[in-house]
Amino acid sequence: DRFDKSDRLPLVPFQAQYGLKIVFLMRGFEATVSSHDVDDGGAIGHASVMAAHLTLLARDAQSLPRDSWRVLWYEMLDTPEGFVEAAIGVVQFLASACVNPAKVADIAGVVLKDKWRHPSAVHKATATTLTPQLQVVRALDHAVSANWSIFNEPDRQIVQRADFLPELLR
């Protein structure tokens, strides 16, 4: 309930008025929970907060026209090839005109050279090393992930390549 009354930006009025297109940048739940230090009740408290936020984001997505939003999985950005493919997909979705994928790939290549960094091995280890906390996070994910299953629908994905989609979608 507290999250419902937060200062979150209401997407529906902006989408309706301006034809806003939205890309939800998502991570697998375990990676989301372990992506940064937690100060909201440890791993279990943080997982609960992330689950509440994901539930509200899913509610936002459900209230939007289906052609106005897509999902890009953060894991897609883990490799230079995935980064370029994601850039092409995002620009093609957001652009109102025809897009030259080769030109987008060239621009993404420049960004890669200057900005891209390898994914954090520490975060990956935190999200995959079986600990009692991770077991509880997995149980919470299993119990409530249906709340945000709209983000897993294949036709909502920016990139359709199975090797980049979270395990849940394979």
| request: Determine yes or no for a side-chain-to-main-chain donor-acceptor pair under 3.5 angstrom, with W148 supplying the side chain and T55 the backbone. | output: no

Q) Side chain of S145, backbone of D141: donor and acceptor closer than 3.5 Å? A) yes

Are the side chains of M26 and L72 in touch, meaning some heavy atoms are under 4.5 Å apart?
-> no

Rounding to 0.5 Å, atoms CG (L64) and CG (D67) come to a distance of 10.0 Å

- Task: Group every Ile, Leu, Val, Met, Phe, Trp and Tyr by side-chain heavy-atom contacts under 4.5 Å, then state whether I107 and V99 land in the same group.
- Result: no

Notebook entry, point to check: Would a 4.5 Å heavy-atom cut-off, applied to side chains only, mark I150 and F24 as touching?
Noted result: no

message: Using only atom types and a distance under 3.5 Å, with no angle test, would you say the side chain of Q157 pairs donor to acceptor with the backbone of E153?
response: yes

Residue pair F83 / I88, side-chain heavy-atom distance below 4.5 Å: no

d(T131 OG1, R138 CZ) to nearest 0.5 Å is 8.5 Å

Distance col, row D60:CG vs I22:CD1, nearest 0.5 angstrom, shows 8.0 Å

Result for side chain to side chain contact (heavy atoms under 4.5 Å, CB included) between E81 and one of T79, D78, V84 points to T79

Sequence neighbours excluded, the answer for side chain to side chain donor-acceptor pair (under 3.5 Å) partners of R156 is none

- Query: When you check the gap from the basic side-chain N to the acidic O, do D155 and R66 get nearer than 4.0 Å?
  - Reply: yes

Checklist entry - Can you list the steps and then say if L54 with N147 is a side chain to side chain contact (heavy atoms under 4.5 Å, CB included)? => result CA-CA 8 Å; L54 283 167; N147 291 347; over 6 Å; no

Note: V144 and A51 closest approach over all heavy atoms is CG2-CB, 4.1 Å

In this structure, CG of L140 is separated from NE2 of H46 (nearest 0.5 Å) by 11.5 Å

When every non-hydrogen atom of A95 is compared with those of K21, the smallest separation belongs to O-NZ, 4.3 Å

Practice item. Decide if the gap between the ring center of F93 and the ring center of W69 is smaller than 6.0 angstrom. Key: no

Do L20 and L57 sit in one hydrophobic cluster, given that two such residues count as connected whenever their side-chain heavy atoms are within less than 4.5 Å of each other, even indirectly? yes

query = Is E75 paired with R27 through a side-chain N to carboxylate O contact shorter than 4.0 Å?
reply = no

> Do side-chain atoms of Q92 reach the backbone of I158 as a donor and acceptor pair under 3.5 angstrom?
Replying inline: no

